[in-house]
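Notes follow the structure.
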2 protein chains.
Amino acid sequence: MAAIIVLGNSKRIRLGSPNVFIGSFVLMKALEKVLERNKVRPTAMRLLVLQYLFTKNVAVSLTDLENSFEKSDRTTLYRTLKTFVESCLVHKIDDGTGVSKYALCEENCNCEIETDLHVHFHCNLCKQTICLPKHKIPAIYLPKAFLPQEVNLVVKGTCNKCS
Amino acid sequence: MAAIIVLGNSKRIRLGSPNVFIGSFVLMKALEKVLERNKVRPTAMRLLVLQYLFTKNVAVSLTDLENSFEKSDRTTLYRTLKTFVESCLVHKIDDGTGVSKYALCEENCNCEIETDLHVHFHCNLCKQTICLPKHKIPAIYLPKAFLPQEVNLVVKGTCNKCS
DNA sequence: TCCAAAAATGCAACTCTGTTGCACGGTGTT
DNA sequence: AACACCGTGCAACAGAGTTGCATTTTTGGA
């Protein structure tokens with residue numbers, strides 16, 4: 001997937017909302033392949049959302065997305081994210097703010113088998129939620145008869161950009 | 001605080017909602033002292049809510065509380081919990097269900113200074129959230145320039161009663 | 001003891017997030 | 001071309017959390 005981000009540096013045409021870019025034909029083709037690989041039919045909307053997620057290195061909320069795609073409907077974006085989560089393209093993050101965030105899965109992420117086990121960081125200043133994929137959640141030893149299935153660990157504080 | 005729980009075994013008079021008990025005069029006096037120790041003025045409502053929390057060994061939501069105190073208003077219970085959190089009587093738990101839960105602080109809990117650092121467990125079957133005060137969150141090593149202030153760790157799975 | 005101030009309570013209303021139902025429209029298939 | 005299917009957009013709704021305001025209760029001082 002890193003290759004695609006590099007492709008993202010190709011010539012862009014600004015259109016619609018200031019935050020929305022349509023990349024080159026090559027980029028679009030690459031994003032299409034990502035969708036098809038995960039068995040998601042590549043519609044225009046989905047390509048734009050996927051591209052948007054690629055440009056962000058922080059987790060975004062449904063409302064963030066809504067504000068970036070003024071033309072589109074909240075429901076459509078909601079269902080697009082839902083589709084992406086179910087197809088293991090993005091993972092849903094509970095960062096303790098009460099608002100779900102979404103971020104692209106890593107290439108080796110195996111959502112269907114195990115939940116993502118990395119740490120998330122929420123900055124109390126800039127309010128952004130950041131995935132720390134290299135920081136795995138340490139093993140937790142539970143009392144007898146407690147059977148763990150998922151683990152969520154969120155650290156709150158000041159991020160690298162705000163400190 | 002353990003002493004107070006023992007006092008809770010004293011003779012009780014059932015009144016109002018099935019889940020609400022008024023304990024003995026001695027128990028009420030003890031609960032009053034708990035409130036006063038944390039600089040919260042002991043009203044009837046607060047005593048009942050505090051007693052309710054003592055009877056529960058799981059974290060409760062505002063709606064749980066509302067359903068147990070049919071006579072009272074959601075807003076009052078909301079503000080009661082808020083007061084309790086601010087006074088370091090209870091801590092607020094984000095268990096990832098999207099609904100805040102509340103549980104009594106431990107005796108040695110120092111909410112003002114540091115957030116509670118124990119693990120929470122949410123059972124996917126009985127939907128209850130349990131504090132595991134003896135299971136502290138292991139140290140998390142963050143990338144440079146990330147300054148941690150709070151940590152939240154929730155394990156989901158099957159609890160000891162459901163397994 | 002009584003009164004005034006302060007605090008707590010109860011009611012109504014509202015915001016925001018998440019969600020569902022339904023109708024419309026485009027796309028692909030036979 | 002007809003059809004089914006899927007995605008999209010609109011409307012509406014549920015639930016949690018929250019706030020404003022009027023009323024009641026409690027507290028503290030005269």
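Per chain, numbering begins at 1; letters A, B, ... match sequence-line order. The model shown is predicted, which means the values in this text are computed figures rather than measured ones.
- Shortest non-hydrogen contact noted between B:C105 and B:H91 is SG-N, 3.6 Å.
- You'll find the side chain of A:T80 stays beyond 4.5 Å of the side chain of A:T43, heavy atoms only.
- Applying the 3.5 Å distance criterion, the base of C:dC11 shares a donor-acceptor pair with the side chain of B:T75.
- When the nearest nucleotides of DNA chain D are assigned to B:P42 and B:T63 by heavy-atom distance, the more 5′-ward of the two goes with B:T63.
- The shortest distance between the side-chain N/O atoms of A:S61 and the OP1/OP2 oxygens of C:dT17 is not below 4.0 Å.
- For the pair B:E70 CD and C:dG10 P, the computed distance is 14 Å after rounding to whole Å.
- The backbone N or O of A:V40 sits nowhere less than 3.5 Å from a side-chain atom of A:N38 that would complete a donor-acceptor pair.
- The nearest pair of heavy atoms linking A:D94 to B:G96 is OD2-CA, 3.0 Å.
- In terms of modelled atom types and a separation under 3.5 Å, the side chain of B:K127 and the main chain of B:N124 share a donor-acceptor contact.
- Residue A:Y78 contributes atom OH, which lies 15 Å from atom C1' of D:dG7 at whole-angstrom precision.
- Atom CG in B:L47 sits about 17 Å away from atom P in D:dT25, given to the nearest Å.
- Look at CG on B:L62: it is 15 Å from C1' on D:dT19, rounded to the nearest Å.
- Regarding B:I93, its CD1 atom lies at a distance of 13 Å from the P atom of D:dG17, rounded to whole Å.
- Phosphate proximity of C:dT20 to A:K82: present, with a side-chain N or O under 4.0 Å from OP1 or OP2.
- In this structure a side-chain-to-backbone donor-acceptor pair under 3.5 Å is present from A:T55 to A:Y52.
- The minimum heavy-atom distance linking A:D95 with A:K156 is given by the pair O-CE, 3.3 Å.
- If you measure from atom CG of A:D94 to atom P of D:dA16, you get 16 Å, rounded to the nearest angstrom.
- The CG atom of B:L77 sits 14 Å away from the P atom of D:dT18 (whole-angstrom rounding).
- Spacing between atom CZ of B:R74 and atom C1' of C:dC14 amounts to 14 Å, rounded to whole angstrom units.
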- Note on the structure: Readout for nucleotides 4-9 of chain C: B = base within 4.0 Å of protein heavy atom, S = sugar-phosphate only, - = neither; 5' to 3' it is ---SSB
